[in-house]
Asker: 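Supplied in structure tokens, the structure appears directly below.
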Amino acid sequence: MDHFLYRDGVLHAEDVPVAEIAAAVGTPFYVYSSATLLRHFGLFEEALDGLEHTICFAMKSLSNQAILRLLAQRGAGMDVVSEGEYRRAKAAGVPGERIVFSGVGKTRAEMRTALEGGIRQFNVESEPELRALSEVASAMGAVAPITIRVNPDVDAKTHAKIATGKSENKFGIPIAKAREVYAEAAALPGIEVVGIDVHIGSQLTQLEPFEAAYRKVADLTEALRSDGHDIRRLDLGGGLGIPYTRSNEAPPLPLDYGALIKRTVGHLGCEVEIEPGRLISGNAGLMVSRVIYIKEGEGRNFLILDGAMNDLIRPAMYEAHHDIVPVIEPETGVEQVPFDIVGPVCETGDTFAKGWHMPPVKEGDLVAFRSAGAYGAVMASEYNSRPLIPEVLVQDDQFAVIRPRPTFDEMIARDTIPEWL
Ligand code: LLP
């Protein structure tokens with residue numbers, strides 16, 4: 001459920017008409033609903049009720065500081081994957097003790113920054129990283145709390161580009177090798193083993209892969225404890241999928257996911273951490289765009305928008321689908337017509353949907369891409385010298401620009417031309 005509904009014939013973000021935001025900030029833009037973000041965060045809180053737990057929002061999905069502040073005020077921690085994300089989380093007011101550092105390629109500089117600023121734990125992904133962290137922490141006279149990310153060799157049954165839990169993927173260490181690597185970790189200076197980490201992929205629409213992975217983690221917990229390690233924290237990753245169309249998808253509910261966690265690892269007495277991104281942010285955001293032209297092609301009509309693949313790359317990159325709806329509510333019973341919906345960027349990949357049936361729209365009309373809150377704004381670029389589009393946050397009947405649109409001059413002024421030219 002989200003808070004983007006038609007009211008009085010116009011699409012609203014909570015109590016604000018989307019057209020009013022468009023008039024104020026221009027198009028295209030992203031708009032997020034606070035109520036939806038908090039609702040989704042709350043679903044995980046409810047799902048894990050009864051277990052000692054921390055929900056670390058995977059801020060790679062949506063990293064505007066206003067969003068981080070909103071979630072952190074409700075008790076969220078953050079899952080970060082770079083120094084930039086770490087600094088952003090801190091700037092938004094998230095305490096270091098609630099930040100976990102994931103990622104396969106943490107640099108020594110990143111490790112140092114996190115140790116200085118405070119960190120809940122590093123999720124270590126390889127032996128060379130473990131040794132580097134030991135060196136960095138020891139040199140600082142610090143102790144780095146760690147989990148080791150294990151790769152359980154489970155098929156997440158999701159898009160190949162976002163599956164991470166198979167042995168051929170670059171993530172984690174093979175679970176069969178875990179006891180050996182934990183033994184090394186325990187012997188290294190500057191390292192404190194606190195638990196185990198696993199994350200098998202994103203946009204999972206079935207619970208079975210989670211179940212398979214978490215059972216392996218439960219067995220490993222017992223094995224590591226018998227080896228003398230104090231395994232007290234399990235980071236179970238993120239990845240729960242969301243419905244991208246209203247009609248035919250029904251991914252598992254957080255409540256069922258929570259029951260699965262309790263069933264598979266609940267008996268171990270560990271503190272549980274999860275790192276959801278998309279389920280919290282995905283359906284909490286729209287990208288709103290305006291129709292520039294309607295162009296008649298051979299046997300098809302192109303809806304040419306002012307939003308493009310640089311603003312929302314998911315369709316071009318993952319063949320992802322986003323429902324596209326008119327901002328003015330169509331009259332009931334109006335006949336839907338097929339459009340190929342494209343942006344102005346000079347490549348065919350700049351296509352959002354082909355033969356997408358929607359109520360007739362005309363030039364100048366506003367359309368909204370649903371489910372664009374996760375991996376939308378954060379993956380945008382300035383390709384074709386198109387400035388990054390603004391982000392707006394709505395709460396009840398108020399809205400605020402949380403990242404303004406840069407002017408062309410600001411964008412252009414970032415280049416410098418060497419003296420010799
Ligand atoms: N934890 C780790 C270690 C991750 O790598 C990810 C996502 C998450 C948590 C959060 O997963 P989520 O709950 O959001 O599924 N750009 C792609 C998705 C990439 C996901 C990368 N890792 C997309 O647009 O579909």
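Computed from a predicted model, the values in this text were never measured in an experiment. Sequence positions, counted from 1, serve as the residue numbers for this chain. For ligands, and for the atoms within them, numbers begin at 1 and follow the listed sequence.
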Asker: With sequence neighbours left out, write down each residue that passes ring-ring contact (aromatic ring centres under 6.0 Å, His included) with Y214, or none if nothing qualifies.
Answerer: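 Here the qualifying residues are F210.
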Asker: Applying the side chain to side chain contact (heavy atoms under 4.5 Å, CB included) criterion to S371, which one of L286, D323, N283, D2 satisfies it?
Answerer: N283
Asker: Can you say whether the rings of F352 and F369 are parallel (under 30°), tilted (30 to 60°) or perpendicular (over 60°)?
Answerer: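 Because their plane-to-plane angle is over 60°, the rings of F352 and F369 count as perpendicular.
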Asker: Under the side-chain contact (heavy atoms from CB on, under 4.5 Å) rule, collect the residues that match up with R215, sequence neighbours excluded.
Answerer: E211, R263, T264
Asker: With sequence neighbours left out, write down each residue that passes side-chain contact (heavy atoms from CB on, under 4.5 Å) with Q65, or none if nothing qualifies.
Answerer: R88, A91, A92
Asker: Any idea how Y318 and H159 line up, ring-wise: parallel (<30°), tilted (30 to 60°), or perpendicular (>60°)?
Answerer: perpendicular
Asker: List by chain and number: which residues place a heavy atom under 4.0 Å from ligand 1?
Answerer: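 Within 4.0 Å of ligand 1, protein side: A58, K60, D79, R149, I162, H199, S202, Q203, G238, G239, E275, P276, G277, R278, R314, Y318, Y375, M379.
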